[in-house]
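Please read the structure below before turning to the comments.
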Amino acid sequence: MEQTPTIQQRVDEVIGRLGSLDDMRHICPSRKGEGEPLLSNESVRRIVELSRQLMFPGFYDESAESYSVLRSIMTIDCRELLTLLHQQITAGLCFDSEYCESDVATLSRDAKETAVKFIEALPSIRHLLDADIDATYLGDPAAVSTHEVIACYPGVRATMSYRIAHELQRLNVPIVPRMITEQAHSETGIDIHPGATIGEGFVIDHGTGVVIGATAILGKNVKLYQGVTLGAKSFVTDDLNNPVKGIPRHPIIGDNVVIYSNSTILGRISIGDNAVIGGNLWVTRDVAPGEKLIQAKADNFRSVVDN
């Protein structure tokens, strides 16, 4: 009589199948056993926290009031940030197939230099964020102070994460920048790809549902309301009908542009300086500088050009 497998035998059989390299279509490229670090969502989250604390001390931690003590705390935070950046950038390089042929020691040396370069960029990142914060405060009559904007506004929180991630992307760090912006996406409902290029004075009002694609370019003093999408209209495909990577496919937004809630801007089109896009519009053509698109009737919109 055939014996019925025990529960443990059934579980062991499943583990054997799940652990079989022959049955895995997607295998993690990390080379376990060589001492390289692994990617960690908690460590990446801490990198963002430390970067925010260093750029805006007192807003995101409980730093002491004394300046001398504050400097000591910032020194400790900066050392922790350097350690975590070194680990996670190394992990990202080990994880990414483009770099996985290099030895871990070489990747680790490169990662440490990149980590230092990121820390050196923090004053410049803060300069950009200062402009974003000021623009948010000045443009919102409900804002009581810039302090409230820093502490409370989800648009500013998402923008901080984006600017941190964008700098890491600019330094050719794989994977980690996208982890940062996807964590911000989960927290705020705002989805900004780290590859997007965004000028200073950027404002996201309310914010939920905003999407900004990887190749989008935004000028200075751009303001977006909730539900705005800066997306792709269509994709160039290869012989297998898969989208070709790396082709510019998202809008170019000029300086001083306002895009109101739930409007969708698609394709590699240009929205000229000082243009205004009204709410609930679908835009797939260029918009001239100073032009205003507004919805006149259901399913129609008309163009108004300022004289």
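Along the sequence shown, the residues carry numbers beginning at 1. Computed over heavy atoms, backbone and side chain alike; hydrogens, waters and symmetry mates excluded.
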For the student: nearest non-hydrogen atoms of Leu82 and Ala115, plus distance
CD1-CB, 3.8 Å
If the condition is side-chain hydrogen bond (donor to acceptor under 3.5 Å, both in side chains), which residues does Thr264 pass it with, not counting sequence neighbours?
none
Determine which pairs satisfy salt bridge (charged side-chain N to carboxylate O under 4.0 Å, His left out) with at least one residue from residues 113-134, sequence neighbours left out, and list them in order.
Asp132-Arg163
All N/O donor-acceptor pairs, side-chain side in residues 184-202, below 3.5 Å, sequence neighbours left out:
unit_1, atom_1, unit_2, atom_2, d
His185, ND1, Glu182, OE1, 3.2
Ser186, OG, Glu182, O, 3.2
Thr188, OG1, Ala184, O, 2.7
Thr188, OG1, Ile190, N, 3.1
His193, ND1, Gly195, N, 2.9
His193, NE2, Arg178, NH1, 3.4

ILVMFWY cluster, Met179 and Val48 together (side-chain gap under 4.5 Å):
yes
Can you pull the ring pair (Phe, Tyr, Trp, His ring centres under 6.0 Å) pairs that have at least one residue in residues 136-159, sequence neighbours excluded?
Phe59-His147
Please report the shortest heavy-atom distance between Leu266 and Pro251, naming the atom on each side.
N-CG, 4.4 Å
Rounded to the nearest 0.5 Å, the CG atom of Leu293 sits from the CZ atom of Arg285 at a distance of 5.0 Å
Heavy-atom donor-acceptor pair, Ser263 side chain to Gly278 backbone, under 3.5 Å
yes
Do Leu84 and Leu168 belong together in a cluster built from hydrophobic side chains that touch within less than 4.5 Å?
yes
Are Leu281 and Tyr260 side-chain neighbours, meaning at least one heavy-atom pair lies under 4.5 Å?
no
Hydrophobic clusters here meaning ILVMFWY residues chained together by side-chain heavy-atom distances under 4.5 Å, can you tell me if Leu122 and Val116 are in one?
yes
Is a side-chain donor or acceptor of Glu291 paired with a backbone partner of Gly272 at a separation under 3.5 angstrom?
no
Same apolar cluster (I L V M F W Y, side chains within < 4.5 Å links), Leu230/Val258
no
Looking only at non-hydrogen atoms, find the nearest pair between Ile180 and Ser161 and report the distance.
CG2-O, 3.5 Å
Nearest 0.5 Å, please: how far is OG in Ser261 from CD1 in Ile277?
13.0 Å
With side chain to side chain donor-acceptor pair (under 3.5 Å) as the rule and sequence neighbours excluded, what pairs involving residues 247-256 come up?
Thr215-His250, Asn221-Asn256, Asn256-Asn274
Less than 4.5 Å apart, side chain to side chain, heavy atoms only: is that true for Ile253 and Ile259?
yes
Supply the members, apart from Ile7, of the Ile/Leu/Val/Met/Phe/Trp/Tyr cluster built from side-chain contacts under 4.5 Å; use none for a lone residue.
Val11, Ile15
If you group Ile, Leu, Val, Met, Phe, Trp and Tyr by side-chain heavy-atom gaps below 4.5 Å, do Leu93 and Val44 land in one group?
yes
Can you confirm whether Arg157 sits close enough to Met160 that some side-chain heavy atom of one is under 4.5 Å from a side-chain heavy atom of the other?
no
Sequence neighbours left out, what passes ring-ring contact (aromatic ring centres under 6.0 Å, His included) with Phe56? Give chain and number order.
none
Please give me the minimum heavy-atom distance between Leu38 and Ala91, naming the atom from each residue.
C-CB, 3.6 Å
Please examine the side chains of Ile212 and Leu218, heavy atoms only from C-beta on, and report whether any two atoms are closer than 4.5 Å.
yes
Supply the members, apart from Leu18, of the Ile/Leu/Val/Met/Phe/Trp/Tyr cluster built from side-chain contacts under 4.5 Å; use none for a lone residue.
Val14
Close side-chain approach of Ile133 to Val156, heavy-atom, < 4.5 Å:
yes
Could you check whether atom CZ of Phe118 has more than 12 heavy atoms from other residues, nucleotides or ligands sitting under 6.0 Å from it?
yes
Apart from Ile252 itself, its cluster of hydrophobic side chains linked below 4.5 Å comprises Ile217
Pairs where residues 6-27 contributes a residue and the test salt bridge (charged side-chain N to carboxylate O under 4.0 Å, His left out) is met, not counting sequence neighbours
none
Is it true that Arg46 and Glu49 make a salt bridge, defined as a side-chain N closer than 4.0 Å to a carboxylate O?
yes
To the nearest 0.5 Å, what is the distance between CD on Gln9 and CD on Gln3?
7.0 Å
State the CG-OG distance between Leu85 and Ser51, to the nearest 0.5 angstrom.
6.5 Å
Distance, nearest 0.5 Å, that separates CZ of Arg71 from CD1 of Ile73:
12.5 Å
Going by the angle between their ring planes, with limits at 30° and 60°, are Tyr225 and His206 parallel, tilted or perpendicular?
tilted
Could you give the distance from OG1 (Thr114) to CD1 (Ile119), rounded to the nearest 0.5 Å?
11.5 Å
Scan residues 233-243 for pairs that pass salt bridge (charged side-chain N to carboxylate O under 4.0 Å, His left out), counting only residues two or more places apart or in two chains.
none
Where the side chain of Thr90 meets the backbone of His86, is there a donor-acceptor pair that is under 3.5 Å apart?
yes
Checking one residue: Val211. Which other hydrophobic residues are in its cluster under the side-chain 4.5 Å linking rule?
none
Polar side-chain atom of Thr83 near backbone of Arg79 as donor-acceptor pair, under 3.5 Å:
yes
Is it the case that the side chain of Gln88 and the backbone of Ser40 share a donor-acceptor pair, with hydrogens and angles ignored and the cut-off at 3.5 Å?
yes
Looking only at non-hydrogen atoms, find the nearest pair between Cys78 and Leu54 and report the distance.
CA-CD1, 4.0 Å
